[in-house]
Amino acid sequence: MFRSVLPHFACVSLFLHLVLVIWIRLWKGKGTLAIVEILHLSFHRSSWLLLAPLLTPPVPVITAPPCSLCPEGAHRFQWIRNLVPEFGISSSHIKVLSSPAEFYELLKVQIRAAKQRVVMASLYLGTGLLEQELVYCLEETLEKSLQAKGSPDLRVSILLDYTRGSRGRKNSRTMLIPLLQRFPGQVRVSLFHTPNLRGLLRLLIPERFNETIGLQHIKVYLFDDNVILSGANLSDLYFTNRQDRYVLLRDSPEIADFFTELVDAIGDVSLQLQQDDTVQMMEGMVHPYQGDKVAYCEIANRRVMEVINSARTRQELLHAKTFHSSQPGSSLLSQQGSQASGSLKPEPDTWIYPLIQMKPFGIQIDEMVTETLLTEAERDARIYLTTGYFNLTQAYMDLILGTRAEYRILLASPEVNGFFGAKGVAGAIPAAYVYIEHQFYSEVCYLQQQQRVQLQEYSRAGWTFHAKGLWLYLAGSDLPCLTLIGSPNFGYRSVHRDLEAQVAIVTENRALQQQLHQEQEQLYLCSGVVSTSTFEQPNRYVKLWVKLVTPLIKNFF
């Protein structure tokens with residue numbers, strides 16, 4: 001009751017404060033110009049207040065599971081293909097990476113080797129030396145393509161967030177403009193702008209804080225037919241000492257086509273960066289914050305769902321022709337035909353399901369699948385869930401606390417939180433996460449679930465923690481058969497505000513399962529178990545104002 005009243009109380013208080021200031025200024029004869037100045041300064045100096053009152057958070061929608069799990073081994077998860085395309089590949093085409101340096105070096109190698117396409121979707125591109133080297137790699141590869149005989153084949157498409165990519169004088173846009181100027185026919189830079197940041201809200205919220213309203217948060221990096229899925233951004237921290245997760249899918253043209261089409265679809269409804277650092281929409285497209293919001297979101301929904309549904313149709317036809325044909329010997333004939341043409345591929349033993357979450361556009365596939373996995377997890381199954389920012393939705397928390405599986409939840413200790421040591425209000429965000437963590441842990445203890453639900457904190461000197469995902473171990477198994485990897489943090493932002501994408505990887509191959517198990521172990525080895533004494537440490541002290549503000553702003557970070 002108290003929590004539901006707080007946002008309205010804060011909104012009314014701020015409104016009355018501004019009315020009082022304006023009345024005093026008019027009474028003193030300062031004029032309209034001074035009033036505008038006061039409004040700007042008032043919001044600038046108290047910008048954290050904007051996070052709570054200017055948007056009333058919508059009531060979370062808990063989606064009913066699409067169906068129960070099927071009972072046949074790894075294929076117990078085949079219900080996911082009712083929602084998204086199912087890509088069957090060989091586990092020999094999958095490599096799990098472990099370090100930021102390995103991720104960075106792979107990006108450079110893949111860019112230099114690309115012949116037809118480079119597609120990169122990220123929150124932003126940093127402005128340091130390592131990021132500049134990536135841009136140089138792109139420039140060299142484009143130059144080689146330009147000098148090749150005939151017309152250049154290589155196309156580069158980069159999708160970033162508008163607000164994050166425009167922050168500061170030197171930013172993602174200024175890093176990429178030279179590529180646009182030199183290779184105008186080959187390079188496209190799209191900047192997604194959330195339709196929820198518009199009107200007075202857009203004018204009043206200052207830089208950095210405007211990013212709390214909604215972002216393009218997808219992280220996909222693909223080069224010809226090779227795809228890297230990760231939660232890491234294109235920034236030097238993510239190339240050096242910020243721990244994340246990364247998986248490479250080699251020689252996977254269908255998956256690469258899907259993510260190319262997905263990024264193109266989002267790019268089509270995004271602002272297009274021009275050579276003079278201006279932006280404009282594609283001709284005939286509704287503007288995200290100047291045009292009609294409902295019309296814009298309907299167009300965006302249609303474009304993204306066309307990609308998902310067309311890929312799903314293609315994959316169903318492929319299944320019908322190969323793995324699910326009722327005619328004896330049809331699969332063998334198909335293999336013989338492939339062998340004759342020299343394109344025989346290993347038999348699939350792993351299935352990739354792309355999970356998309358774009359609540360601003362009414363797309364909730366990732367949420368549906370995640371909730372179903374948590375709901376249907378059987379007794380004695382183990383779920384390892386990790387997030388760089390522990391702020392689970394109420395639906396996810398209820399499922400974790402109310403279902404039968406064992407949970408090991410890995411989160412960042414305050415010292416490895418990405419906001420640790422930040423200036424201003426942002427410096428209090430780690431304390432807010434401590435407060436949220438303590439509340440959840442208290443609920444676990446109240447329900448006497450400490451043995452079944454265990455919290456662990458990642459701690460590593462000189463590093464920050466940004467890994468997110470899930471590993472599912474079936475009852476009686478010592479290896480995971482499913483993992484989720486990608487951009488979502490399982491928090492309110494991921495579900496309700498941002499554009500997100502991850503994949504569910506389901507495998508029956510023990511070698512790949514071992515890779516995933518080692519990845520999980522490597523992350524959890526750098527952690528300590530949370531107990532009551534954890535919150536009694538001096539560095540876990542949370543100031544009263546943080547406790548009061550956290551319920552107001554937790555849905556924005």
Side-chain angles (χ1 to χ4, degrees), residues 60-89 218 220 227 229 249 252 254-259 261-262 265-266 300-326 331 348-359 361-378 381 383 393 395-396 399 403 405 469-472 474 480-488 490 494-496 499-508:
V61 177
I62 299 178
T63 311
C67 67
S68 296
L69 299 184
C70 308
E72 310 96 15
H75 290 286
R76 67 190 288 122
F77 304 102
Q78 63 186 355
W79 55 267
I80 304 177
R81 74 180 185 202
N82 295 330
L83 301 170
V84 296
E86 175 188 70
F87 300 99
I89 67 173
I218 296 169
V220 175
V227 183
L229 293 157
L249 309 177
S252 303
E254 294 89 358
I255 300 174
D257 288 345
F258 172 83
F259 280 108
E261 292 171 13
L262 179 67
I266 303 169
N301 174 286
R302 189 161 58 247
R303 285 288 289 112
V304 173
M305 290 308 300
E306 281 174 0
V307 172
I308 295 171
N309 292 330
S310 63
R312 186 165 160 253
T313 301
R314 288 197 304 268
Q315 291 308 113
E316 285 176 350
L317 290 173
L318 180 62
H319 280 290
K321 290 179 180 179
T322 55
F323 311 116
H324 301 290
S325 175
S326 59
S331 180
D349 57 11
T350 301
W351 294 267
I352 309 293
Y353 302 94
L355 309 179
I356 312 303
Q357 184 74 13
M358 300 179 181
K359 190 69 172 286
F361 304 156
I363 299 171
Q364 300 170 246
I365 297 171
D366 181 62
E367 179 185 7
M368 293 171 67
V369 172
T370 302
E371 286 185 3
T372 304
L373 289 173
L374 299 182
T375 301
E376 300 288 343
E378 60 192 350
I383 292 179
T393 65
Y396 290 163
L399 287 170
T403 51
L470 177 153
W471 299 260
L472 174 59
L474 297 178
C481 65
L482 175 146
T483 191
L484 301 182
I485 180 170
S487 63
F490 305 103
S494 294
V495 172
H496 293 277
L499 306 191
E500 305 279 10
Q502 64 180 339
V503 295
I505 301 177
V506 179
T507 184
E508 57 188 21

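Worth saying up front: this structure is predicted, and the values here are computed from it rather than measured.
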For [X] against [Y], the heavy-atom pair lying closest together:
{"X": "Val304", "Y": "Leu262", "value": "CG1-CD1, 3.9 Å"}
{"X": "Ser494", "Y": "Glu500", "value": "OG-OE2, 3.1 Å"}
{"X": "Ser487", "Y": "Ile218", "value": "OG-CA, 4.0 Å"}
{"X": "Ala381", "Y": "Leu472", "value": "CB-CD1, 4.5 Å"}

Are any side-chain N or O atoms of [X] and backbone N or O atoms of [Y], one a donor and one an acceptor, separated by less than 3.5 Å?
{"X": "Arg312", "Y": "Asn82", "result": "yes"}
{"X": "Thr403", "Y": "Thr375", "result": "no"}
{"X": "Thr507", "Y": "Cys481", "result": "no"}

Side-chain heavy atoms of [X] within contact of [Y], under 4.5 Å:
{"X": "Glu254", "Y": "Pro85", "value": "no"}
{"X": "Leu249", "Y": "Phe259", "value": "no"}
{"X": "Ile383", "Y": "Leu373", "value": "no"}
{"X": "Thr393", "Y": "Glu371", "value": "no"}
{"X": "Val369", "Y": "Trp79", "value": "yes"}

At what distance, to the nearest 0.5 angstrom, does [atom1] of [X] lie from [atom2] of [Y]?
{"X": "Leu355", "Y": "Gln364", "atom1": "CG", "atom2": "CD", "result": "13.5 Å"}
{"X": "Arg314", "Y": "Asn309", "atom1": "CZ", "atom2": "CG", "result": "11.0 Å"}
{"X": "Ile505", "Y": "Phe87", "atom1": "CD1", "atom2": "CZ", "result": "13.0 Å"}
{"X": "Glu261", "Y": "Glu306", "atom1": "CD", "atom2": "CD", "result": "10.5 Å"}
{"X": "Leu484", "Y": "Thr370", "atom1": "CG", "atom2": "OG1", "result": "5.5 Å"}
{"X": "Gln315", "Y": "Trp351", "atom1": "CD", "atom2": "CH2", "result": "13.5 Å"}

side-chain contact (heavy atoms from CB on, under 4.5 Å) evaluation trace for Ile308 with Phe258: CA-CA 8 Å; Ile308 295 171; Phe258 172 83; 4.3 Å; yes
Evaluation steps, side-chain contact (heavy atoms from CB on, under 4.5 Å), between Leu499 and Phe361: CA-CA 9 Å; Leu499 306 191; Phe361 304 156; 4.0 Å; yes
The single option from Gln502, Lys359, Gln357 passing side chain to side chain donor-acceptor pair (under 3.5 Å) against Asp366: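 Exactly one pass, corresponding to Gln502.
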Test side-chain contact (heavy atoms from CB on, under 4.5 Å) applied to Ile80 and Thr372, step by step: CA-CA 10 Å; Ile80 304 177; Thr372 304; over 6 Å; no
Stepwise side-chain contact (heavy atoms from CB on, under 4.5 Å) test for Leu229 and Val220: CA-CA 5 Å; Leu229 293 157; Val220 175; 3.8 Å; yes
